[in-house]
Amino acid sequence: MLIKVPQGQDIEYAGEGTLKEIFVELDKGLLKKYIAARAEGEHVDFHTRLRSDAEVELIPWDAEEAAWIYRHSMSHVLAQAVVRLFPEAQLAIGPAIEDGFYYDFDVEEPFTPEDLKNIEKEMKRVIKQNHKFERVEVSREQALEKIGDATYKNELLADLAEDQTLSFYQDGEFVDLCRGPHMLGTGQVKHFKLLSVAGAYWRGDESRKMLQRIYGTAFATREALDQHIAMLEEAKKRDHRLLGKQLELFHIDEEVGQGLVLWMPNGAVVRTELQNFISAELRRQGYKQVYTPHIGKLDLYRTSGHFPYYQDGQYPPFIEKDHLRKLADEGCSCGDLASQMEAGDIDGYLLKPMNCPHHIKIFASKAHSYRDLPVRLAEFGTVYRWEQSGEIGGMTRVRGFTQDDAHLFCMEEQVAEELLQCLELVKIIFGTLGMADYRVRVGLRDPDSSKYVGEPAKWDRAEEACRQAAESLGVPFSEEPGEAAFYGPKIDFVVKDVVGREWQLGTVQVDYNLPERFGLEYAGADGQMHRPVMIHRAPFGSMERFVGVLIEHFAGAFPVWLAPVQAVVLPIAERHAEFGAEVRKELLAAGIRVELDAASETLNKRIRQAQMKKVPYMLIAGDREVEEGQVSIRLRSGENLDALSVADAVAMMTEKVAQKAEV
RNA sequence: GCCGCCAUAGCUCAGAUGGUAGAGCAAUUCACUCGUAAUGAAUAGGUCCACGGUUCAAUUCCGUGUGGCGGCUCCA
């Protein structure tokens, strides 16, 4: 048969053979350079048997996909070590993931950090023994026999399609049901580290058993591993929870409540600047600003459908206390109360889980004609959601947050244009802040599901509009069927935090449902009443999450326009303090957030303090400067600028702020 | 919510097989008046997260709760 090799010479091979046999015959050293291969577009390892002509591309060790292969092999090594040390451990699954791998085990006692060390030692032994990974393809009957009574493996097997090729990989005494591919032997990758243990439900289903998951990572070289570990350490320093404390940006207090953010003065500056920035953009796009209260009647949310449908995600409703007392006197139990509330027999108030019902009521408070549309109502609206306690943390996952929310009421034929404008806004925001590392998700409906409201034809048009809008944005996006909300398709912006976790920030959603539920209408050119379409959009998502991500993005060193303190005046000695005070006054008058640090500390120390607060400009004044009426400028980068007159320094800083420049 | 780990001064952390505790930084005061990342000294600072239990005695051991961290899951 003929084997085409894009990287080298084609091979003519007599009869069948595994890739290993075929390539080793050619060049023994080849196996050192390549980890596995791709044959006919599929990843295969060197154990794959070729039976007819094929095109085989070899995957070098430094290719990105190589990591997925050897990390998966490493998860087998992990499982092998665990089984040696804990023979009663049941194996579940063990895939490679981005930057690492894990394996889930069912064990009586959870693993301790001590266990982890021992497991690492045993893994090193497995690596040293350099067992060959052997692939065995079997029939379903053979597979069942091999698996025996291993429950998780049986379940995995049962879910594999009838016509699926079943394969096992064996290395030394260890066998695991596995699709592969794998590297050739356990000795090929020596640089790994186990990182953590965590509970994980079998198949992510909380009604099933909680297993013990061990996370680890592996690299082809020692340098790459060390570099990765160093990167993780570095990332920890950018963590917004740490910086939020150091820079006094926000505080979360257990007496106030889990997931409720207190914005400290420094954080409030950042937030206010961002809000001013977006408000200016909104005015430019014809939005109208509104204000609405934090609560609304249960009936409002019955109409919108938020209550009781999403009840689990909300703070419980409040009911007037005399009414409660009366119910209690009548012998009403808590269970009765809940069902009466759900049935709508009792009214009460709810902390708003979303801003849309209030905005809808503003829209509906007067008659609209097609000439008014689109109506765009914007509000920094604070909403409250009862997130699960285990999911809360920092500013990125909270229970009370302020969305930079807006609702657009428009005619169906205006949807495409409005979507485009929304995305334009997101693009401006992300561009201004230098956030280039985001991905766009277009959530489409699942063609096999009937949970969606609205006519299919409208959906088709809206989905097409989303697709087009995303395309015109000029960044790569993924279409994700089944990810649409039940009421309409959406476009989400997802960014990664320093630890690689993804967060959804901005979102733009088309909605056919709420206009229907609230009976919204406008008078068309034809004299008939028509139903508007709504678009929900929040380019930041929430101020809390956005600022959290932004803190990490800038590692706390905000660009001048956002910096809580933009400049610190540092008089060198006491005799310069008076001049320093004047400089401060002039800067304040120019609207610059400035502080004077005339403490009786050395200049070095005060520079260090300003540096640690990540203040963009340090204005230093000693004898020379006082004499000339100047200030020396040190940037937080450590760079020194030439001395400027105070007026020039003010002009320079004001200019940088206006440009929204970094420094 | 579930599994594991954790909670000591404003912050970062040390500590005792059970006898109520320490460091560095920050703060305050004093001296120093300094030219681009930590001047020196002194002082003050604690319900050792909360509530129960065991014990002569609990910050330490046990239980429960609250909160934090790492995951799982959910996110209109």
(message) When you measure from the side-chain N and O atoms of A:Gln258 to the phosphate of B:G67, is any distance below 4.0 Å, counting only OP1 and OP2?
(response) yes
(request) Could you walk me through whether A:Leu514 and A:Tyr487 pass the side-chain contact (heavy atoms from CB on, under 4.5 Å) test, one step at a time? (result) CA-CA 8 Å; A:Leu514 287 176; A:Tyr487 51 76; over 6 Å; no
(message) Regarding A:Leu116, tell me which of base, sugar-phosphate or nothing describes its non-hydrogen contacts under 4.0 Å with the strands shown.
(response) nothing
(message) Do A:Arg213 and A:Tyr102 form a cation-pi contact, if we require the NZ or CZ to be under 6.0 Å from the six-membered ring centre and within 45 degrees of the ring's axis?
(response) yes
(request) Would you indicate what A:Asn604 reaches in the nucleic acid, counting non-hydrogen atoms under 4.0 angstrom: base, sugar-phosphate, or nothing? (result) sugar-phosphate
(request) Just compare B:U39, B:C32, B:A76 and give me whichever is closest to any side-chain atom of A:Glu601. (result) B:U39
(request) Between B:G4, B:G35, B:G70, spot the one nearest the side chain of A:Leu603, thanks. (result) B:G35
(message) Can you tell me whether the side chain of A:Glu387 and the base of B:G1 have a donor-acceptor pair closer than 3.5 Å?
(response) no
(message) Base, sugar-phosphate or nothing for A:Glu248? Non-hydrogen atoms, less than 4.0 Å.
(response) nothing
(request) Measure from the side chain of A:Ser196, starting at C-beta and using heavy atoms only, and say which of B:G1, B:G70, B:U12 lies closest. (result) B:G70
(request) Using a heavy-atom cut-off of under 4.0 Å over every strand shown, decide if A:Arg213 touches base, sugar-phosphate, or nothing. (result) sugar-phosphate
(message) Can you identify which nucleotide, out of B:U39, B:G70, B:G35, has its nearest atom closest to the A:Asp623 side chain?
(response) B:G35
(request) Determine the contact category for A:Tyr215: base if any of its heavy atoms lies under 4.0 Å from a base atom, sugar-phosphate if only primed atoms, P, OP1 or OP2 are that close, otherwise nothing. (result) sugar-phosphate
(message) Can you see if the side chain of A:Arg241 gets near the phosphate of B:G70 - specifically, an N or O under 4.0 Å from OP1 or OP2?
(response) yes
(message) I'd like to know whether the aromatic ring centres of A:Phe409 and A:Phe363 sit less than 6.0 Å apart in this structure.
(response) yes
(message) Run A:Phe105 and A:Tyr103 through ring-ring contact (aromatic ring centres under 6.0 Å, His included) and show every step you take.
(response) CA-CA 7 Å; A:Phe105 304 95; A:Tyr103 211 110; 5.1 Å; yes
(request) Looking only at side-chain atoms of A:Ala200, point me to the closest of B:C72, B:A76, B:U36. (result) B:C72
(request) Name every residue in residues 605-617 of chain A that has at least one heavy atom under 4.0 Å from any atom of RNA chain B, in order of residue number, or write none if there are no such residues. (result) A:Lys605, A:Ile607, A:Arg608, A:Gln611
(request) In plain terms, say whether A:Glu463 and A:Arg445 are close enough for a salt bridge, that is, a side-chain N and a carboxylate O under 4.0 Å apart. (result) yes
